[in-house]
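Everything below concerns the one structure shown next.
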Amino acid sequence: MQEWILSLPLILISGFAIIAMLLIVFIGRRNAPIMYLSLFALITTALSSLYTLSIPNEIIKSSVNPDSIFANMLIYGNYSAFFDIIFCLAGVLTILASQNYLHQEEYEHKEYYVLILYAVAGMMFISHSNNLLMLFIGIETMSITFYILAGYFRFEERSVESSLKYFLLGAFATGFLVYGIALLYGATGTLDLSLINSKVIQGDIHYTYLIIGLGLLFIGLAFKVAAFPFHMWAPDVYEGAPTPITGFMSTAGKAAALVAFIIIAKNVIDINSIYPEIAIGSSTLTMIVAFLAGATMLLGNIVALVQKSVKRMLAYSSIAHAGYLLMGIVANNPRGWAGIAFYATVYLFMQIGAFVIIGIIEKKSFKYLNLSDYSGLSKTKPALAALMALFMFSLAGIPPMAGFFGKYYLFVAAIEAGYLWLTIIAVISSIISMYFYIGLIIYMYFNEPADDRPQINVGLSSITLVISSLGILFFGIFPHLLIDFASKLF
Amino acid sequence: MHNLIVLVPLMPLIGFLISGLFGKYLKNETLIGVIGSGVVFVSLIVTSIIFVNLLSNPIESPIVITVYEWISAGSFSASISYQIDNLSILYSLIVTGVGFLIHVYSIGYMHGDRSFYRFFAYLNLFIFMMLNLVLSSNLLLTFLGWEGVGVCSYLLIGFWYDRKFEGTRIVWTGDAANKAFIVNRIGDFGFLIAMFLVFLNFGTLEYTGYLNQLSDNSSAFYGTGLIAAIALLMFLGCTGKSAQIPLAVWLPDAMAGPTPVSALIHAATMVTAGIYLVARNSVLFSLAPVAMEVVAIIGAFTALFAASIGIVQNDFKKVLAYSTVSQLGYMFLALGVGAFTAGVFHVMTHAFFKGLLFLAAGAVIHSMHEEQDIKKMGGLSKYMPTTYKTFLVATLAIAGIPFFAGFFSKDEILWYAFSEGNIWLWLIGAVTALFTAFYMTRLLMLVFHSKERFDHHKIHPHEAPKVMTIPLIILAFLSAFGGFLGVPYVLGFWFSEHPNWIENWLHPVFQQANIILERPEHHALHIEEYFLMIVSVILAIIGISTAYNWYKSGWEKPKLLVEKFKGIYTLLFKKYLLDEFYFKVIIDPIYNLSAGILWKIADAKIIDGFVNGLAKVTIEFGEIIRKMQSGIAQNYALIMVLGIIVIISFLLLSV
């Protein structure tokens, strides 16, 4: 019985997604019912996860026999529930921001909202997976919906192109993911992550297969988080996708891939292992992740410097943020994971907030995306400009915005894990990023407005903006509330 | 109960937010004024409740209430936490009490000003910052308040930013504001370094933390260079905020602000922050005899220096400003000789009478149509009887006429200067007392008595409205009787063993310092104390009567004296040329060096060249990588494959 309750979020989201898809057939032309149904689905799912979150980890572990219903495929714990809520929140914020956007682009279809439900379901399966197959199913469910959503503007060349590119390269990367899983199975003889974990502790494995398998698995996941050198798809896809979807993919999608990273790193990587092969292999892998993280943040920020389109600039900056987040994997301890949980939360607010504003300013298939289109926004739309400035300051990591503490906790975790050089690179690349974040603010506040700006509608997006900005300020002023909570998750 | 303390700083903050954010739209002066004063009044009430509670249930050690912790890393934490003890509550009472009266007064004074709401917003913000300064339980939050009051002082000195103001190389009020801010920065630098040293050596910035460490190991720390350095650097901060030599020059120019600001910030509260800081760190200072000596000497000399300048100034508010500097010198003299209670006591009485003097000056200036030159006043007592009477009370109080507030506090300071310091410190203090009596009487005579020297066709002096005179009357009452809170033992011994209420009240705060300084627990009767008291009263009477005789008819008699002692007069009138000295010796050379070499060569060529070059290289690099983003999926796959090959071979090699 207990397991039914704990798995309720997964059942709810999957059930709602299927029901909503079927309902589309019966419902007439109106889009609103499906949108509200999707919102309702996400909110109920989040609420049922909140219940799991209220139970301490130890009690879940001792009272539940995970074998009873789902044959050990799923794990229930506080971190899974926490990320469930993050994913649902991202879904809610995106849907709220989408209606108005799709309306002005004249592309509103009911399937859009349901696809977001499917993506969230995939992400939740990732965070609940206790088996490499489950993990794979989760990743693919999420990715395939992303391929569709990226090409959602199906008459726009750029959108379709980005979708196809994403699909081709994604399929390519998935190959490595599966191969990595296969090697891990070869090394340990099981796909169950808790069994793999105990075998790693006992040293009852084939070391070379394990390390190479892990390497391939990491490569597949590095593609999903858009880390260097597997990031090449990201700018094109983020630019071609509908703007709210870009916000969604680059926050919740990235967070889901990082959860996968955490699950694997937590169970398999152990640099203090008593078996020298595992210890050496683990530290090499950690080192590789550290290099990828450093290169990712430098590259993302440096290329963002020279972008003229705000959407593309933030696409690159989102690559850089993946680099910061990977620092938590490099640290690979509860502090680092808590740092990821914290940063994923605040990143969700600031990135979705920024993309919502881009979506509001954007008009008719990829117009009004350039920096110069933001000139003098503070005079024509002072509230939007102020919010955008808030998001930029937070992304740049300026206190008291929450982005500062997100970086701070990750940096501290990396330093404590002995990766001072990585932290120095992170600080340098943060400084580089100031240039373009503040640059946008300068455009908005110190340049004269252009004359031919079209009408701007906000609609339901305002709710997203309010929630995002309040979240940033709240967790900037009371960071310890979230970080103390996040530290208890793992 | 004690948790209520949170409300004390919170209320002015709310007031600030209301007038700051919505004041522009409220448009109603009365409403803004009532909100602005009301929030301070609530703070005053809450402080009084806590005060009464402390009276009935005395506390042994400070109560620390943490409101919220912003960040903590290792042993460092930045938190908003307030400390309730007898010193912080006494100071809060002064700040909210005098602050409330001045808020009310400002409703009348600022009537019709186009930025009425802005004024109240700043004033509320100031009270908020000042309360943080005094209530904080750690140096960090005190520093925040310290800087915050500095900012408010800056904003309020330059409040009428489009008005001219005269001073050494000062043209606009904004210049005076800049001067105040920049001079204070020098002091803040000292404060900051002191704070770093405290954290480095004690691992905490909490007062209860490092001060307890000090008093627990007082013999180990006594007289060490470290403690002396911390104390002296902290005192450098105090010389800035409390306008002592060598950083005294900003306060007279701060008079560019509206008069209520001069009363509240530049007389009653902010400038006494330095005294608060030393008193709060009394244990630290008493462990550094060198620093104590420096504090006493600087205080004594500043007192004399400023009082002597005050004798010859003709600007109503500047005379009062120099008087403030001089009185602050007294307070530091008291602290320096270890008479912490006397110093804090004088802060209180000074807040009453100097606040009153400024407010009365404001009433006069207001009715003279913003005229501040006392040469153009005279005979105002019949036009403004209430203002005149209250001003008279304040004059008697500051001059040290027996049983007015200033008499008790000043005489206590002079007695300790003599008994714990030496005869020279006492002598300087006594001469200052003579000067003080003189310049105050001079001011009184030239403004309220003597011939009417203003233009009757243009100026029709009138009494200020009730909203301004009532605060005057209340302050006059406090200036007259406030001194009885600190009756010295020699005058009160037949009532009780401990007649000095304020000494009893502050006893727990300064107990540790008194032990370190080996002060006796019990008082003894000293015949010298009566003698000194009589001498200083005689000096005050001499000062008053001389000034009365010279100025009762106006300017004729003094003019002859000015002719006779032209040299001294000019030196005093030009304030010992201290401003000019600073400009010639420090500011101009630095400025020229900066403009000529540091800016044009070191900064523009070397540093900017390097930075711009680096930025250019970074951007070029970005362009190159951007070009690699060709948009062709096959290329992307190729780069991925290369990455995979590198990673896997790296792994294979390591396994």
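A, B, ... follow the sequence lines: proteins, then strands. Residue 1 opens every chain. Here the structure is a predicted model, which is why all the values come from computation and not from measurement.
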- [ ] Please determine if A:E239 and A:K311 form a salt bridge, counting it only when a charged side-chain N lies under 4.0 Å from a carboxylate O.
- [x] no
Open item on the list: Could you check whether B:R626 pairs with B:E623 (Lys NZ or Arg NE/NH1/NH2 to Asp/Glu carboxylate O, under 4.0 Å)?
Closed with: yes
Give a yes or no on whether the backbone of [Y] and the side-chain of [X] come within a donor-acceptor separation of less than 3.5 Å.
X: A:S163; Y: A:Y147; value: yes
X: A:S309; Y: A:R312; value: yes
X: A:Y316; Y: A:I302; value: no

Open item on the list: Quiz question: by atom type and distance under 3.5 Å, do the side chains of B:T66 and B:Y82 form a donor-acceptor pair?
Closed with: no
So with a 6.0 Å cut-off around [atom1] of [X], is the heavy-atom count from everything else above 12?
X: A:F176; atom1: CZ; result: yes
X: B:Y68; atom1: OH; result: yes
X: A:Y435; atom1: OH; result: no
X: A:Y179; atom1: OH; result: no

Open item on the list: Checking ring-ring contact (aromatic ring centres under 6.0 Å, His included) between A:F218 and each of A:F291, A:F230, A:F261, which is the one that passes?
Closed with: A:F261
Open item on the list: What part of A:I483 gets within 4.5 angstrom of chain B, counting heavy atoms only: side chain, backbone, both, or neither?
Closed with: neither
Open item on the list: Suppose we screen for salt bridge (charged side-chain N to carboxylate O under 4.0 Å, His left out). Which residues come up paired with A:D484, at least two apart in sequence or across chains?
Closed with: none
Open item on the list: Quick check on the structure: residues of residues 120-145 of chain B within a heavy-atom distance below 4.5 Å of chain A, by number.
Closed with: none
Task: Proximity of residues 608-622 of chain B to chain A, residues having a non-hydrogen atom under 4.5 angstrom - done: B:T618, B:I619, B:F621, B:G622
Open item on the list: Between B:Y636 and A:W233, is the ring-ring contact (aromatic ring centres under 6.0 Å, His included) condition met? List the steps.
Closed with: CA-CA 7 Å; B:Y636 295 179; A:W233 60 275; 10.0 Å; no
TODO: Could you tell me which residues in residues 399-406 of chain A have at least one non-hydrogen atom under 4.5 Å from a non-hydrogen atom of chain B, sorted by residue number?
DONE: A:P399, A:P400, A:F405
TODO: Among A:H480, A:E161, A:M287, single out the residue with the greatest number of heavy-atom pairs under 4.5 Å to chain B.
DONE: A:H480
